[in-house]
Amino acid sequence: MSKKPGSAADRLIHTALRPLRFLTVRMSLAIRVAVLTTVAVGATLTLISATIYLTVRSEFESSLDDSMIRRAQAGVDADLGTLFEGGAGPDALALSDIKVSVLRSGKSLQLLTGSTAETAFPIEFIGLPEREVSLGVTTRSIRSAYLDDTLYRIVAVRSAPGEALVMAQSMEGIGKALDRLQVLLLLTTAFGVALAGLSGWAVATNGLRPVRRLTAATERVARTNELTPIEVKGSDELARLTTSFNAMLTALDVSQAQQRQLVADAGHELRTPLTSLRTNIDLMDQATQNGRRSLTDEQRAEIMDDVRAQVQELTTLVGDLVELARDEPVRRAPEPLDLADIAQAALDRVRRRALNVEFHSDLESWLVVGESQLLERAVTNLLDNAAKWSPANGVVTLSLANGVLKVTDEGPGIAAEHLPHIFDRFYRATESRTMPGSGLGLAIVKRAAERHGGSAKVRSTVGAGSTFEIHIPGAPTI
């Protein structure tokens with residue numbers, strides 16, 4: 001069976017960590033950085049201090065053990081007489097708090113010649129290691145034990161059959177040195193932790209200054225809608241973040257300008273058909289109310305045709321605006337489309353309403369993945385535009401080869417200064433302002449091509465017609 005969450009241990013850990021999580025959530029980023037730096041440095045210094053302390057203590061004990069074993073072994077080699085030679089007499093042993101005795105058969109202690117009771121090893125502190133040495137089980141032993149509340153290092157060396165020299169030296173000096181080292185390490189660790197905390201706070205405060213500038217700029221944008229770029233300082237990651245934020249502000253500013261321009265242009269284009277509609281409606285209303293100014297059937301039919309034309313223009317304009325306002329990616333169909341079939345369907349539709357223009361077509365199959373309705377509308381817009389500018393009985397040629405769809409007309413052509421703007425929304429050359437249309441058809445063509453991963457371009461010569469091309473990525477049929 002799997003362990004169920006929410007056990008007593010899990011709840012206890014959750015309860016213990018809850019204050020820390022609460023504090024972390026309430027902390028600012030600078031404080032979190034300072035706290036994490038302090039904790040990391042504190043843990044490192046603690047580990048280093050503990051390593052130093054344990055190493056020094058081990059070295060002290062090892063040095064003391066080597067010294068005691070050498071002295072004991074030297075005494076054994078010289079029949080124990082050298083222990084009180086060269087200043088190592090009873091008084092010297094007493095001052096250095098060294099106790100020496102000979103253990104016989106693991107039972108009784110014998111004082112060395114010249115030693116005193118103060119320097120003798122007490123029988124009650126003889127342990128199993130010393131007895132084993134005197135009985136010949138082992139040759140030496142080393143251990144620590146407390147004698148009269150003082151920690152001693154006890155060494156036993158076999159001196160003769162059934163005898164062992166037992167020596168004990170106080171570790172009080174070593175303990176005091178270790179205590180001083182411990183205090184020094186604690187103070188050093190505390191100072192390092194405090195310095196790490198201050199340094200972490202200073203680094204976090206200075207390092208996060210660009211972030212605070214970005215935060216202030218974001219709040220300013222939300223409050224005032226002013227998209228002023230921020231000054232970039234340095235070349236680090238924060239400077240790159242500032243540059244990216246400035247790019248976002250610029251893009252947002254351009255988008256807002258385009259939206260304002262779209263609204264202004266749409267309002268301008270809507271004003272003309274709406275004004276014409278209102279004029280025609282007022283005229284019919286006045287004719288209805290005033291019997292002496294009644295309209296003839298011909299006048300009434302002319303007004304109704306004008307109204308229908310204006311309604312159709314409004315419908316087309318609204319549809320174009322809705323199409324251009326769509327900004328979502330193409331919903332690709334699960335099956336590929338043949339661009340030649342789409343182009344032929346658009347040609348059949350335009351041919352029925354453009355009776356004074358002759359259409360020629362040469363279409364090769366080209367498989368694409370995309371949105372058939374949008375592609376057909378783009379091709380229809382190109383054909384309508386070509387038919388509108390072609391002279392009576394003119395020829396419009398539609399061709400498709402290697403994924404490039406071309407529409408060529410025999411119209412007056414486009415001046416060079418207008419070519420860079422021909423696909424812009426609501427852009428209309430001076431010569432076309434008296435012609436029907438909203439200036440959105442070619443913008444839809446460009447949008448359709450780009451949304452299918454392609455492109456749109458135009459080539460034109462004044463007096464010799466124009467050729468519009470759209471390229472849609474795909475593959476020929478096999």
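Quick caveat, the model's predicted, so the values are computed rather than measured.
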Exercise for the section: Please indicate whether N402 has more than 12 foreign heavy atoms, meaning atoms of other residues, nucleotides or ligands, lying under 6.0 Å from its CG. Expected result: no
Exercise for the section: Please round to the nearest 0.5 Å and tell me the distance separating atom CZ of R158 and atom OG of S141. Expected result: 13.0 Å
Handout entry: Under the salt bridge (Lys or Arg N to Asp or Glu O under 4.0 Å) test, residues paired with R220 that sit two or more places apart
Key = none
Exercise for the section: Determine yes or no for a side-chain-to-main-chain donor-acceptor pair under 3.5 angstrom, with E130 supplying the side chain and G127 the backbone. Expected result: yes
Handout entry: Residues which pass side-chain hydrogen bond (donor to acceptor under 3.5 Å, both in side chains) with S466, listed by chain and number, not counting sequence neighbours
Key = S460
Practice task
Working to the nearest 0.5 Å, report the span between CG of L339 and CG of L375.
Solution key: 6.5 Å
Completion exercise
Nearest heavy-atom approach of D338 to S365 is OD2-OG, 3.2 Å
Handout entry: Minimal non-hydrogen separation, F60 against I174, with atom names
Key = CD1-CG2, 3.5 Å
Completion exercise
Heavy atoms of V445 and A378 approach each other most closely as CG2-O, 3.4 Å
Problem - 4.5 Å side-chain heavy-atom contact, T188 and L45 - result: no
Practice task
Might you point out which heavy atoms bring A456 and I470 nearest each other, and give the distance in Å?
Solution key: CB-CG2, 3.8 Å
Exercise for the section: Flag the pair T139 / V133 as yes when at least one side-chain heavy-atom distance between them is below 4.5 Å, and no otherwise. Expected result: no
Completion exercise
Looking only at heavy atoms, the pair that brings T38 and G197 closest together is OG1-CA, 2.9 Å
Problem - Side chain to side chain, V155 and L165, heavy atoms closer than 4.5 Å - result: no
Problem - Verdict with supporting geometry, I69 and R140, side chain to side chain contact (heavy atoms under 4.5 Å, CB included) - result: CA-CA 9 Å; I69 289 175; R140 66 176 63 178; 3.4 Å; yes
Problem - Heavy-atom side-chain proximity of L398 to L405 below 4.5 angstrom - result: yes
Practice task
To the nearest 0.5 angstrom, please state how far the CG atom of L103 sits from the CG atom of L135.
Solution key: 8.0 Å
Exercise for the section: Check the side chains of S49 and T189 for a donor-acceptor pair under 3.5 angstrom, ignoring hydrogens and angles. Expected result: yes
Handout entry: Spacing of CG belonging to L442 relative to CZ belonging to F423, to within rounding of 0.5 Å
Key = 6.0 Å
Practice task
List the steps, then state whether side chain to side chain contact (heavy atoms under 4.5 Å, CB included) holds for V404 with W366.
Solution key: CA-CA 9 Å; V404 179; W366 185 256; over 6 Å; no
Problem - Close side-chain approach of L54 to R57, heavy-atom, < 4.5 Å - result: yes
Practice task
Return yes if some donor-acceptor pair links the side-chain N/O of H452 with the main-chain N/O of V368 below 3.5 Å, else return no.
Solution key: no
Handout entry: Side-chain touch V166/V102, heavy atoms, less than 4.5 angstrom
Key = no
Handout entry: Heavy-atom check, side chain of N385 versus side chain of N381, under 4.5 Å
Key = no
Practice task
Could you go through the side chain to side chain contact (heavy atoms under 4.5 Å, CB included) check for F191 and L195 one step at a time?
Solution key: CA-CA 6 Å; F191 177 76; L195 182 61; 4.3 Å; yes
Problem - Between CE on residue M248 and OG1 on residue T243, distance to nearest 0.5 Å - result: 12.5 Å
Handout entry: From D341 atom CG to E376 atom CD, the distance as rounded to the nearest 0.5 Å
Key = 10.5 Å
Handout entry: Test log, rule side chain to side chain contact (heavy atoms under 4.5 Å, CB included), inputs V369 and L337
Key = CA-CA 6 Å; V369 179; L337 305 171; over 6 Å; no
Exercise for the section: State, without any angle test, whether S144 and R153 hold a side-chain donor-acceptor pair at a distance under 3.5 Å. Expected result: yes
Practice task
For residues P129 and T138, report the shortest heavy-atom separation together with the two atoms involved.
Solution key: O-OG1, 4.4 Å
Exercise for the section: Could you tell me whether the side chain of W201 reaches within less than 4.5 Å of the side chain of I31, counting heavy atoms only? Expected result: yes
